[in-house]
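In what follows, every chain begins at residue 1, and chains take the letters A, B, ... in the order their sequences are listed.
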There are 2 protein chains.
Amino acid sequence: MESRHADRIADALEELVFTGQFNDGDRLDEIRLAKQFGVSRTPIREALQRLVASGIAEQLPRRGVFVRQPGPVELMEMFETMAEIEGVCGRLAARRITDEALAELEGANRLCREAVAAHDTDGYYRENERFHHTIYAQSGNSYLANQALRLHRRLKPFRRLQLRLRGRMAQSMAEHEEIVAALKAGADDRAAKALRKHVGIQGEKFRHLMTELRTAAQ
Amino acid sequence: MESRHADRIADALEELVFTGQFNDGDRLDEIRLAKQFGVSRTPIREALQRLVASGIAEQLPRRGVFVRQPGPVELMEMFETMAEIEGVCGRLAARRITDEALAELEGANRLCREAVAAHDTDGYYRENERFHHTIYAQSGNSYLANQALRLHRRLKPFRRLQLRLRGRMAQSMAEHEEIVAALKAGADDRAAKALRKHVGIQGEKFRHLMTELRTAAQ
DNA sequence: AATCATATTCTTGTATACAATAATATTGAC
DNA sequence: GTCAATATTATTGTATACAAGAATATGATT
């Protein structure tokens, strides 16, 4: 448990924004939130500061704090950045990965396949996450790994949508195999390319989903 | 001018940390800083929150906020990450760069050369910065460009040291030429490689400098 | 003298009070 | 009825007050 109310509230607010409880441009009213969380404005303000710092909200001086949901363009930019950063992690990991980590990747892939067979999306999601996080860590660069983790976490709610597309999980698995093969071979450019493509497809699928929703709304 | 004291103080503290006025592990005493800046603890606390969020300081609950200067290992990790991210920007920029931006890069390079000839390190530094920032922007991905800018800014005080090495500026110029050539040709992998190498060398030079200082201290 | 338990002081985290500015409502002129 | 100027209200930003926990000092015991 967290010792400071401000942290707990920041996490809660972050979750609320990520799960779409707030719309873009909504004002985060200090007094209302204070009542809602049963605290004074002080910890609320600290929490809001944290949201602003992480780009989830925007602060207009003397006007207030407003949630900032990424639009379609920014989302695609974030997916593209994720693809490139994962590619970088792959490149470095190909040169530095340990045998234990390779075994872990293969283990995660095996559990992923089982989850696909069992239609266990949560299980698939969990092991897929382990797969990617392992590659970040194996970049041997903890600063880079942290940046990758941050963005991965930020994109989490959007990635989930895209994974539900028919046939996507099976296709994704094949890409995972290629990634492991490249890492095993120590082929850095190949690993980078495979990861860029893998995550790039996620972005493509997501864009497809967005345009579909858009036309459906008309 | 900034309307909130907290922002002004955060900028000031950031500058103090970046210029080495604080050592790693130093506690940022709220009361002392409040007296120093002539304000109450409230804006100081907000400023400290900002430092913590940007990774310049660390917060231990109920213990205080402590400055976190990157050690040699983390610095090398940051340089490596910068090299890879610039490579990514280069790859994307090669596919998207405008003629105007290419002209601007060549202009920056010309001014750089003149600055080298005139031993004008500040001028060189300014144009070098413009060169890199232009490439970030030309990635056509403002999210990525922002991430690149953040890290570039964080590494600024350390990059400056390395640029003073004899012959480094001339070598750096040659690398800039190759980067522009690759971008002009629209060769994405070549541009990525050139930028990775260019910034990678900065890291190498910096490490060299660190070990030199280390042995000199003994 | 060294060590553990207790008491004291100091600092953080939160609540409240106040000042300054922005948003809103009210009034008056046309 | 519409617009502008002023008055009112509401909200942010800062200062201060207070509560809880951590660090330090004090003292008792061996």
With under 30° as parallel and over 60° as perpendicular, where do the rings of F131(B) and H176(B) fit, or are they tilted in between?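 If you compare the ring of F131(B) with that of H176(B), the planes turn out parallel.
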
Taking NE2 from H5(A) and C1' from dG21(D), how many angstroms apart are they, rounded to a whole number?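 In whole Å, dG21(D) C1' lies 13 Å from H5(A) NE2.
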
Rounded distance (Å) that lies between atom C1' of dT12(D) and atom CD of E46(B):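 It is 10 Å, rounded to the nearest whole Å.
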
Residues which pass ring pair (Phe, Tyr, Trp, His ring centres under 6.0 Å) with [X], listed by chain and number, not counting sequence neighbours:
X: H5(B); result: none
X: Y124(B); result: none
X: H133(A); result: Y136(A), H152(A)

If you look only at pairs with a residue in [range], which of them pass as a ring-ring contact (aromatic ring centres under 6.0 Å, His included), with sequence neighbours excluded?
range: residues 33-83 of chain B; result: F79(B)-F206(B)
range: residues 83-108 of chain B; result: none
range: residues 39-63 of chain B; result: none

Please list, by residue number, the residues of residues 59-69 of chain A whose heavy atoms come closer than 4.0 Å to an atom of DNA chain C; answer none if no residue qualifies.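 Residues of residues 59-69 of chain A that come under 4.0 Å of DNA chain C are, in numerical order, R62(A), R63(A).
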
Go through residues 29-45 of chain B and report each residue with a non-hydrogen atom lying under 4.0 Å from DNA chain C, sorted by number.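 Residues of residues 29-45 of chain B under 4.0 Å from DNA chain C: E30(B), I31(B), R41(B), R45(B).
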
Pairs meeting criterion side-chain hydrogen bond (donor to acceptor under 3.5 Å, both in side chains) with involvement of residues 72-84 of chain A, two or more places apart: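 Counting only pairs at least two positions apart or across chains, the side-chain hydrogen bond (donor to acceptor under 3.5 Å, both in side chains) contacts touching residues 72-84 of chain A are R68(A)-E74(A), E77(A)-S142(B), E80(A)-R96(B), E80(A)-N141(B), T81(A)-N141(B), E84(A)-R91(B).
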
Salt bridge (Lys or Arg N to Asp or Glu O under 4.0 Å) partners of residues 51-66 of chain A, not counting sequence neighbours, each pair once: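 Residue pairs passing salt bridge (Lys or Arg N to Asp or Glu O under 4.0 Å), neighbours aside: none found.
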
Go through the structure and list residues passing side chain to side chain contact (heavy atoms under 4.5 Å, CB included) with E127(B), not counting sequence neighbours.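 Expected list: A108(B), L111(B), C112(B), R130(B).
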
Contact boundaries on DNA chain C for chain A, cut-off under 4.0 Å to non-hydrogen atoms: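 From 5' to 3', the first and last contacting nucleotides are dG13(C) to dA23(C).
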
